[in-house]
Amino acid sequence: MRKICELFLLTLIFASCGWKTGGEDAPQLEENLEAKALLQGIWIEDETDEVSFRAEGDTIYYPDSTSQPAHFMIVNDSLWLGEGRYAIVKQTAHLFFLQNQNGDEVRYRKSDSDEDSLAFVHQKPEILSVSEVLKMDSVVTFGSERYHWYIAVNPTKYRVVKTTYNSDGVGVDNVYYDNIIHVSLYNGSVCLFSRDFKKQMFEDMIPKKFLEQAILGNMQFDHADARGCHFNATLCIPDGASCYLVDILIGKDGQISMKLLEY
């Protein structure tokens with residue numbers, strides 16, 4: 001019993017002295033509060049003289065209206081910014097040099113002008129999305145069949161976060177809203193199909209990592225054939241060239257099948 005008490009006492013002593021378990025290679029996430037205090041304020045990119053960011057408390061803000069604020073820490077000699085880690089080359093009260101994602105050195109100097117605060121007049125970063133419902137409909141015939149289709153692109157509050165790199169080579173997050181797209185198909189007065197499409201419905205044919213950053217951007221009628229009506233769904237990473245195009249066949253029996261057309 002005495003040995004158990006002694007062992008418990010040693011454990012308390014180690015914990016109070018800041019000893020960490022997990023071996024010598026376990027990360028020591030003790031923040032450098034002095035370095036964080038030095039970073040507070042507005043910083044100018046030294047080469048371009050443009051306002052780059054403002055550090056306030058635990059958050060870094062950007063002057064453009066689409067880049068989302070990011071939580072930051074300074075651990076050892078690195079700036080931990082969102083999901084990124086950047087080596088700090090030099091830091092003083094008025095200078096801040098770091099290595100960006102390409103290994104290039106980016107130099108900042110602290111602003112001494114009150115006018116630079118005007119770059120942050122927007123209080124809420126812009127969310128990039130369709131702001132209103134888009135509706136389309138038409139009538140198409142195939143042989144003796146007459147189809148009437150409806151498409152409605154409905155903006156949602158489902159957030160899609162895309163990380164991009166600004167002109168300094170530092171990662172920033174842009175936020176978009178995804179869409180839900182409703183499709184209805186009638187053969188004469190008979191409703192063959194009426195359903196909402198979400199991007200999760202395409203997870204069996206599109207890689208998960210891509211789908212996480214993509215939005216269901218559009219749905220268009222393509223053509224009718226003996227099997228039914230074909231629609232093309234577009235899933236894209238916002239502001240990028242990467243898209244998947246999926247053929248959705250709505251059959252005469254109201255059943256659907258999907259096929260990947262291109263990437």
Side-chain angles (χ1 to χ4, degrees), residues 16-20 22 25-129 131 157-177 212-213 215 237-240:
S16 65
C17 291
W19 289 47
K20 299 181 183 294
D25 295 330
Q28 306 296 308
L29 299 182
E30 293 183 359
E31 190 171 5
N32 187 334
L33 297 180
E34 182 180 353
K36 173 178 265 187
L38 286 176
L39 196 62
Q40 302 296 302
I42 295 175
W43 292 85
I44 311 297
E45 208 281 318
D46 194 53
E47 185 174 331
T48 63
D49 287 333
E50 294 182 354
V51 176
S52 185
F53 66 90
R54 183 182 86 234
E56 183 177 317
D58 295 327
T59 306
I60 282 181
Y61 300 87
Y62 300 97
D64 64 285
S65 62
T66 58
S67 297
Q68 302 298 300
H71 179 270
F72 82 95
M73 299 189 302
I74 295 180
V75 180
N76 297 324
D77 294 323
S78 296
L79 172 68
W80 293 36
L81 180 61
E83 298 297 323
R85 307 288 183 267
Y86 305 94
I88 297 173
V89 179
K90 180 177 182 178
Q91 184 179 20
T92 69
H94 300 283
L95 298 174
F96 186 63
F97 301 170
L98 58 77
Q99 283 187 342
N100 65 16
Q101 57 138 2
N102 299 318
D104 299 325
E105 185 174 288
V106 185
R107 299 187 174 195
Y108 304 99
R109 67 178 187 275
K110 182 169 285 188
S111 169
D112 57 6
S113 172
D114 292 339
E115 293 183 359
D116 288 333
S117 63
L118 297 177
F120 302 91
V121 293
H122 60 277
Q123 298 297 312
K124 187 175 181 180
E126 179 183 353
I127 305 296
L128 304 173
S129 65
S131 58
K157 294 300 182 182
Y158 298 133
R159 294 161 61 95
V160 176
V161 179
K162 177 193 175 188
T163 300
T164 59
Y165 291 90
N166 61 19
S167 58
D168 297 336
V170 175
V172 296
D173 287 341
N174 294 333
V175 175
Y176 301 79
Y177 284 145
E212 287 175 350
Q213 295 191 70
I215 63 171
I237 292 180
D239 293 335

Quick one: are Asp58 and Lys36 in side-chain contact, heavy atoms under 4.5 Å? yes

With a 4.5 Å cut-off on side-chain heavy atoms, are Glu45 and Tyr108 touching? yes

If you define the side chain from C-beta out and look only at heavy atoms, does anything of Tyr158 sit under 4.5 Å from Ile215? no

Which value, rounded to the nearest 0.5 Å, describes the distance between Arg85 atom CZ and Met73 atom CE? 6.5 Å

To the nearest 0.5 Å, atom CG of Asp49 lies from atom CD1 of Ile44 at 7.5 Å

Could you note down all residue pairs passing side-chain hydrogen bond (donor to acceptor under 3.5 Å, both in side chains) where residues 94-106 supplies at least one of them, sequence neighbours left out? Glu105-Arg107

Please enumerate all residues that pass side-chain contact (heavy atoms from CB on, under 4.5 Å) together with Lys90, with sequence neighbours excluded. Thr92, Leu95, Phe97

If I compare all heavy atoms of Ser52 with all of Tyr62, which pair ends up nearest, and what's the gap? O-CD2, 3.7 Å

Could you measure the distance from the OG atom of Ser78 to the CG atom of Asn32? Nearest 0.5 Å is fine. 11.0 Å

Contacts satisfying side-chain hydrogen bond (donor to acceptor under 3.5 Å, both in side chains) that involve residues 110-120 (not counting sequence neighbours) are Ser111-Asp116

Nearest 0.5 Å, please: how far is CH2 in Trp43 from CZ in Arg109? 11.0 Å

Between Tyr86 and Gly171, the two heavy atoms sitting closest are OH-N, 2.8 Å

Given 3.5 Å as the limit, does a donor-acceptor pair link the side chain of Gln213 with the main chain of Val160, or not? no

Within this structure, what is the CD1-CG distance for the pair Ile60 and Leu79, rounded to the nearest 0.5 Å? 5.5 Å

Please answer whether the main-chain N or O of Ala35 pairs with a side-chain N or O of Gln91 as donor and acceptor at a distance below 3.5 Å. yes

Between CZ of Phe53 and CZ of Phe72, what distance do you get to the nearest 0.5 Å? 8.0 Å

With the side chain counted from C-beta on, respond yes when Val51 and Phe120 share a heavy-atom pair under 4.5 Å apart, and no when they do not. yes

Taking C-beta and beyond as the side chain, do Leu39 and Ile74 meet within less than 4.5 Å on heavy atoms? yes

